[in-house]
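For reference, the structure discussed in these notes is given below.
Protein chains get the first letters and strands the later ones, always in sequence-line order, with residue 1 at the start of each.
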Amino acid sequence: MSALSNEYWKRTHTCGELTGENTDQEVLLCGWVNTRRDHGGLIFIDLRDRYGITQVVIDPAQEAQEKGNNNNLNNPNNLLDRGSEIRNEFVLSVRGVVRGRPANMVNSKLKTGEIELLVKDLTLLSRAETPPFVVEDDVDASETLRLKHRYLDLRRSTMQRNLFVRSQFIQITREYLAGENFMDIETPILFKSTPEGARDYLVPSRVNPGAFYALPQSPQILKQLLMISGMDRYYQIARCFRDEDLRADRQPEFSQIDIELSFTDEETIFALLEGLMKRAYKEILNMDIPTPFNRLTYKEAMENYGVDKPDTRFELKLQDAGEIFANTGFNAFKSVLSSGGRIKGICVKGAAEGNAAFSRKDFDQYTKYVSNFGAKGLAWLKVIKTGPETELNSPIAKFLSQKEQVALTKTFSANAGDVIFIIADKDPDVVFAGLGALRLQIGRDRGLIDQSAFHFHWVTEFPMFEYSVEEKRYVAKHHPFTQPLDEDREKFLKDEDLPKLRAAAYDLVLNGHEVAGGSLRIHEPDIQAAMFRALNMSEDQIQSQFGFFMEALKYGTPPHGGIAVGIERNIMILVGTEAIRDVMAFPKTQKASCLMSNCPSVTAPEQLAELQISLLKQKPGSSQRSDMMKLKN
RNA sequence: GGGGGCGUAGUUAAGUUGGUUAUAACGCCGGCCUGUCACGCCGGAGGCCGCGGGUUCGAGUCCCGUCGCUCCCGCCA
């Protein structure tokens, strides 16, 4: 069989654009067979491409009536024969005439539903085996199968839309930042490992045996060096790599809009991002996002929501009950307070009585749920109406004085029918984490979250340091190039009160997700040196890991700062999906493997030898062994 | 590293206290059909019940192990 001429795929239109205005035009469409409805002497084919679906009709009787204007009309029977051979996902070239549909046959579900294409010639460009799942919008297949045949999954309109929105978002970003004088500069993917932070992906160097590059966790140092170079305003759509465990919103490689500016301050950066988001939401969703965004300090976020990335689409804020129990006789609470712990809670409206009431089982499940976050218990108190008064109904009620019960009701603004949940723990982080997670869970369970809302806000004044139990030292909460807040600079230089110092670091939070994070950077060499010392790094470590950077700082560094916007998380929320896998073309599974290509895979011994790498003996049953088994089959 | 959920035709699921030949829908194959758009009607094929062990007269079902997918904790500056 000779090759087809490319005349067959010189499309005049896409499958999403023909309307009544094109009636009687002769057109050529190309696409995939979405469905075929064979009526014997009449065949309907829904032809699909990225732009939409157009109904194509093989109707020899109609065709015969319309003799005249075409000189290479096929034998009608031949057309029907070919039509009946067609199966889902075949690739077709269809030449035909656009026909308006009678009013009662218009399909209002299709953009092109007021017309159809009467086939004059139909050519099979490519056959397809029966796909492992039916390619349709409401896909009826497990994610495992979808990932194995990702190229088929990506034919679905939801996936195509997700990737299109992502493309739009990046395009808008480029235009916006170019308009603000930003320069797109690429930085290396093969770079130096910097042990602070996440685990690195390493790449062996063949020409330097035993030495490794690391894939960047972010271009942080490089973009700061660009500021020292006088690039003034830099951005990059930067791929980042982190070898840590995956989550629904975490992949080993992801992209961020990496931004850095010289001679800047927080207000400038906030306004820049607000402008970007406003424009993106307007152009993509035609939605007006109010700016400037609200701001919360880290402390306010923790006290009110228990997390540093609060979902503010619903209330259900945390209240403090520490004062109520300052002199309590209830030993459990008393010991928590005396050892520096916290007692906080939330009040759930209308959850004590009626149809929407929590059952004993619900309480047990929530108790179990908060235990995931370290909470040893969850107290619950139902507010019950007893005549004109209310009283608390709870396993712990008998331990609480009348005064405490009244104060509780008041502090939580609780009415009859409400339920108060309380967590008390010696470790304040457990109280925050437990209640923060409980608040979110109850918000979801009780439908308190407005799914169509987009709530942006800034979280500011993050702590500079947090203590690492594992490493027995303080580590930078953001990263070690972050400047202390001006008010805390003196204390920082005196090395005082490290856990209480605040950084000029900020996150942009959207619907409970951290969608961007940044800081003002240290531009003074002595401050940077003090920072490394605070992190308990020796001079040798500083030299070997960051010597080149310390050197660069000495040659005239402008004050600078920046931010990085997580592209996948933003798009995920924009298109309303739960996993960032849905906004990436070829994502990895939770074990960081690709089901389509089966990577990572075993490397040939020769390839390892060339790199002078030998493998340690594998544990029996390890994934490497099972991979080798797979290869043998 | 730890905890939860899932794994049965091509696909999505059902499968009772362990007991005949493992169901259904969609898809697939064949036939019929000129107005469908979830086309319709008739017929048919299709199973290592993830894998390996164990208990039992008998295992999709119970037990142990293992692999894979997923959600969460730790981790993710």
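- Both A:Ala579 and A:Glu244 lie close to RNA chain B; mapped to their nearest nucleotides by heavy-atom distance, the more 5′-ward contact belongs to A:Ala579.
- Here B:C37 is the nucleotide among B:C69, B:C37, B:C29 with the atom lying nearest to any side-chain atom of A:Asp46.
- A:Asn162 contributes a side-chain N or O that, together with a main-chain N or O of A:Asp582, makes up a donor-acceptor pair within less than 3.5 Å.
- Listed nucleotides: B:U70, B:G68, B:C33. Nearest to the side chain of A:Arg581: B:U70.
- The separation between A:Arg569 atom CZ and B:C76 atom C1' is 9 Å, rounded to whole Å.
- Between A:Phe465 and A:Phe492, the ring planes are parallel. Angles under 30° get that label, and only those over 60° would be called perpendicular.
- The side chain of A:Met105 lies closest to B:G35, out of B:C72, B:U70, B:G35.
- Residue A:Arg101 places its side chain closer to B:U36 than to any other of B:U34, B:U36, B:C69.
- The side chain of A:Leu42 lies closest to B:U34, out of B:C28, B:G68, B:U34.
- Phosphate proximity of B:U70 to A:Thr144: absent, as no side-chain N or O sits under 4.0 Å from OP1 or OP2.
- Figure legend. B:C6 is base-paired to B:G68; pairs are counted as Watson-Crick or G-U wobble with both atom distances under 3.5 Å.
- When heavy atoms are screened at a 4.0 angstrom cut-off, A:Leu595 is found touching the sugar-phosphate backbone but no base atom.
- Residue contacts shown for A:Pro480 include a base, since a base heavy atom lies under 4.0 Å away.
- Judged by centroid separation below 5.5 Å and plane tilt below 30°, A:His39 stacks onto the base of B:C39.
- Taking the six-membered ring for Trp and the full ring otherwise, the centers of A:Phe546 and A:Phe532 sit less than 6.0 Å from each other.
- Taking atom CD1 of A:Ile86 as the reference point, atom P of B:C28 lies 14 Å away to the nearest angstrom.
- Contact annotation: A:Lys368 does not reach the phosphate of B:G4 (side-chain N/O to OP1 or OP2, under 4.0 Å).
- Pair assignment for B:C33 gives none, since no Watson-Crick or G-U wobble pairing has each distance under 3.5 Å.
- A sub-4.0 Å separation between OP1 or OP2 of B:G27 and a side-chain N or O of A:Arg36 is absent.
- Searching all strands for a Watson-Crick or G-U wobble partner of B:G19 with both distances below 3.5 Å returns B:C57.
- Residue A:Ser371 has no polar side-chain atom (N or O) positioned under 4.0 Å from OP1 or OP2 of B:C73.
- Between the C1' atom of B:A38 and the CD atom of A:Gln55 lies a distance of 14 Å, rounded to the nearest Å.
- The base of B:G74 lies close enough to the side chain of A:Arg247 for a donor and an acceptor atom to sit less than 3.5 Å apart.
- A:Asp137 contributes atom CG, which lies 4.0 Å from atom OG1 of A:Thr158 (distance to the nearest 0.5 angstrom).
- Under 3.5 Å, the side chain of A:Asp59 and the base of B:U34 form at least one donor-acceptor pair of N or O atoms.
- In this structure B:A25 sits in a base pair with B:U11, meeting the Watson-Crick or G-U test at under 3.5 Å.
- With values rounded to the nearest 0.5 angstrom, A:Thr14 atom OG1 is found 9.5 Å from A:Arg50 atom CZ.
- Applying the 3.5 Å distance criterion, the base of B:G35 shares a donor-acceptor pair with the side chain of A:Glu116.
- Taking a cutoff of 4.0 Å between a charged side-chain nitrogen and a carboxylate oxygen, A:Glu143 and A:Arg581 qualify as a salt bridge.
- In the displayed structure, A:Trp32 atom CH2 is contacted under 6.0 Å by at most 12 heavy atoms of other residues, nucleotides or ligands.
- Remark: the A:Arg250 side chain and the B:C76 base include a donor-acceptor N/O pair separated by less than 3.5 Å.
- Contact annotation: A:Gln217 does not reach the phosphate of B:C76 (side-chain N/O to OP1 or OP2, under 4.0 Å).
- You'll find that the side chain of A:Phe44 is closest to B:G35, out of B:C71, B:G35, B:C33.
- Residues A:Lys588 and A:Phe133 both approach RNA chain B. Their nearest nucleotides, taken by heavy-atom distance, put A:Phe133 toward the 5′ side.
- Of the listed nucleotides (B:U11, B:C37, B:C28), B:U11 has the atom at the smallest distance from the side chain of A:Ala141.
- Rounded to whole Å, atom C1' of B:C37 lies 4 Å from atom CZ of A:Arg37.
- Nearest nucleotide to the A:Lys591 side chain, out of B:U12, B:C33, B:C69: B:C69.
- Here B:G10 presents its P atom at 12 Å from NE2 of A:His149, a figure rounded to the nearest Å.
- Taking the six-membered ring for Trp and the full ring otherwise, A:Phe421 and A:Phe363 have centroids separated by under 6.0 Å.
- Using a 4.0 Å heavy-atom cutoff across all strands shown, A:Glu470 reaches no nucleic acid atom at all.
- Side-chain proximity of A:Arg242 to the nucleotides B:U11, B:G27, B:C76 is greatest for B:C76.
- Spacing between atom CG of A:Asn372 and atom P of B:G4 amounts to 10 Å, rounded to whole angstrom units.
- For B:C49, there is no paired base (Watson-Crick or G-U wobble, both distances below 3.5 Å).
- Here the nucleotide nearest the side chain of A:Thr35, chosen from B:C76, B:G30, B:C39, is B:C39.
- Residue A:Asp245 places a side-chain atom within donor-acceptor reach of the base of B:G74, judged by atom type and a 3.5 Å distance cut-off alone.
- In this structure, A:Glu578 places its CD atom 10 Å from P of B:C72, rounding to the nearest Å.
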